[in-house]
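A short worksheet on the structure shown next.
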Amino acid sequence: MTTIVRRLKDRLSKYNWAGFYMIEKDASGEPPMLVLGPFVGADTPHKRIPLHQGICGAAASTGETVIVDDVNADPRYLACSIETRSEIVVPVYVHGEVVGELDIDSHTPSAFDEKDRELCELCARLVSEYLERARGEKA
Ligand code: SME
């Protein structure tokens, strides 16, 4: 996951922040949270995000990729940097269940098109396959 976010940010100049959030389920009955994992880019105040908040919460709770062309026009948006203009969030699945997501922010408006969706969904699938294999070995 660290390698994926580093490569994406290093190779694609419009990818200004890249990180994974993973869903943490608390045994004490607290609602599940998206918890920030490996990331590259500016520090963010949003290290734990409830599933009903933000663009991150929307992608995790619907299980669909979310592309936002203008974050300032989206009432769901939780601001990390005043420079961010657009965002893509792609869910990561394990055996049909959303376990986390890949989140990319750009300083460029409308930075993410169908090619970006394909690339980010491929990256999310690599993590899915890795986690599914790891779980299979544990079982
Ligand atoms: N903008 C996200 C929060 C995470 S930061 O982009 C790193 C959101 O609206 O959920």
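In each ligand, atom 1 is the first atom listed, and ligand 1 is the first ligand listed. Values in this document were obtained by computation on a predicted structure and should not be read as measured data. One is the number of the first residue; the rest follow in order along the sequence.
- Salt bridge present: Glu97 and Lys25 bring a charged side-chain N and a carboxylate O closer than 4.0 Å.
- Of all the listed residues (Thr44, Leu78, Ile55), Leu78 holds the heavy atom that lies closest to atom 1 (N) of ligand 1.
- Of the listed options Gln53, Lys47, Glu87, His46, Glu87 places a heavy atom closest to atom 2 (C) of ligand 1.
- Close contacts between ligand 1 and Tyr77 involve ligand atoms 1 (N), 9 (O) [criterion: under 4.0 Å to a heavy atom].
- In Trp17, the part holding a heavy atom less than 4.0 Å from any atom of ligand 1 is the side chain.
- Side-chain atoms of Asp10 and Tyr15 form no donor-acceptor pair, as typed in the model, at a separation below 3.5 Å.
- The closest approach between a heavy atom of Tyr21 and any atom of ligand 1 is below 4.0 Å.
- Taken to the nearest 0.5 Å, the CZ atom of Arg48 stands 5.5 Å off from the CE atom of Met33.
- Using a distance-only test at 3.5 Å, with no hydrogens or angles considered, a donor-acceptor pair links the side chain of Ser106 to the main chain of Lys14.
- The pair Asp74-Arg76 meets the salt-bridge criterion, with a side-chain N (NZ, NE, NH1 or NH2) lying under 4.0 Å from an Asp/Glu carboxylate O.
- Atom 6 (O) of ligand 1 has as its closest protein heavy atom Asp105 OD2, 2.8 Å.
- Looking at Thr84 against ligand 1, nothing comes within 4.0 Å, counting heavy atoms.
- Atoms of ligand 1 lying under 4.0 Å from any heavy atom of Asp103, numbered from 1 in the order shown and given with element: 4 (C), 5 (S), 6 (O), 7 (C).
- Although no hydrogens or angles enter the test, the distance criterion places no donor-acceptor pair under 3.5 Å between the side chain of Thr84 and the main chain of Asp105.
- Those atoms of ligand 1 that come under 4.0 Å of a heavy atom in Cys80, given as number and element, are 3 (C), 4 (C), 5 (S), 6 (O), 7 (C).
- A salt bridge links Glu114 and Arg117; the closest N-O separation between the charged side-chain nitrogens and carboxylate oxygens is under 4.0 Å.
- On a distance-only criterion, Ile49 and ligand 1 share no N/O pair closer than 3.5 Å.
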